[in-house]
Amino acid sequence: MHWLLLIRWKNLAIVALTQWLVWYCLAAQIHRLPVRTFLAICFSTLFITAAGYIINDIYDTKIDAINKPDRVIVGNAISKPQAIWGYWVCNSAGMQLALLASHYSGN
């Protein structure tokens with residue numbers, strides 16, 4: 001549960017919904033973007049965004065402890081080394097999916 005709060009799953013859901021709407025309304029109609037390419041791009045974006053949220057919480061721990069002490073996750077529920085590991089996993093997964101999307105599109 002703490003990991004879901006750390007990556008701000010509600011924000012990621014909005015990002016995914018926005019990407020799906022753009023794909024459904026524009027890209028699928030105009031550019032004929034295949035589903036597998038779209039999914040690779042979408043999940044790449046979600047993983048990289050999640051990594052950004054994690055690294056933000058790692059570096060803003062002191063500020064967050066002052067501004068919102070009841071919602072500090074890194075250092076309390078998730079250790080800083082675990083958060084750094086999660087950052088690298090999310091970033092690596094996002095980059096791998098971006099390469100896969102590039103392969104699917106022929107670029």
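Computed from a predicted model, the values in this text were never measured in an experiment.
Within the structure, side-chain hydrogen bond (donor to acceptor under 3.5 Å, both in side chains) contacts touching residues 9-18 (residues at least two apart or in different chains) are N11-Y53. Evaluation of the side-chain hydrogen bond (donor to acceptor under 3.5 Å, both in side chains) test over residues 81-91, restricted to residues two or more places apart or in two chains, returns S79-Q82, Y87-N91.
Note: the hydrophobic cluster containing V35 also contains Y104 (ILVMFWY, side chain heavy atoms under 4.5 Å, direct or indirect links). Hydrophobic cluster membership differs between I14 and L5, with clusters built from Ile, Leu, Val, Met, Phe, Trp and Tyr side chains linked at under 4.5 angstrom. No single ILVMFWY cluster, assembled from side-chain heavy atoms under 4.5 Å apart, contains both I7 and V72. The hydrophobic clustering, which links ILVMFWY residues whose side-chain heavy atoms are closer than 4.5 Å, places I66 and Y59 apart. The same ILVMFWY cluster, assembled from side-chain heavy atoms under 4.5 Å apart, contains both I78 and I84.
Using a 4.5 Å cut-off on side-chain heavy atoms (C-beta onward), R71 and D64 make no contact.
Alongside M95, the hydrophobic cluster contains I48 (criterion: ILVMFWY side chains under 4.5 Å). The hydrophobic cluster analysis finds L99 isolated: no Ile, Leu, Val, Met, Phe, Trp or Tyr side chain comes under 4.5 Å of it, directly or through other members.
One finds the OG1 atom of T61 at 10.5 Å from the CD1 atom of I73 (value rounded to the nearest 0.5 Å). The CG atom of L100 lies 10.0 Å from the CD1 atom of I41; values are rounded to the nearest 0.5 Å.
Each of L46, I55, I54 was checked for a side chain to side chain contact (heavy atoms under 4.5 Å, CB included) with C90, and the lone residue meeting it is I54.
Between F43 and F47, the ring planes lie tilted relative to each other; the angle falls in the 30° to 60° range.
Salt-bridge formation is detected for the pair R8/D57: a Lys NZ or Arg NE/NH1/NH2 atom is positioned less than 4.0 Å from an Asp or Glu carboxylate oxygen.
Between G94 and S44, the closest heavy-atom pair is O-OG, 2.7 Å.
Every residue two or more places apart in sequence or in another chain that forms a ring pair (Phe, Tyr, Trp, His ring centres under 6.0 Å) with F38 is listed here: W23. For the side-chain hydrogen bond (donor to acceptor under 3.5 Å, both in side chains) test, no residue two or more places apart in sequence or in another chain qualifies with S92.
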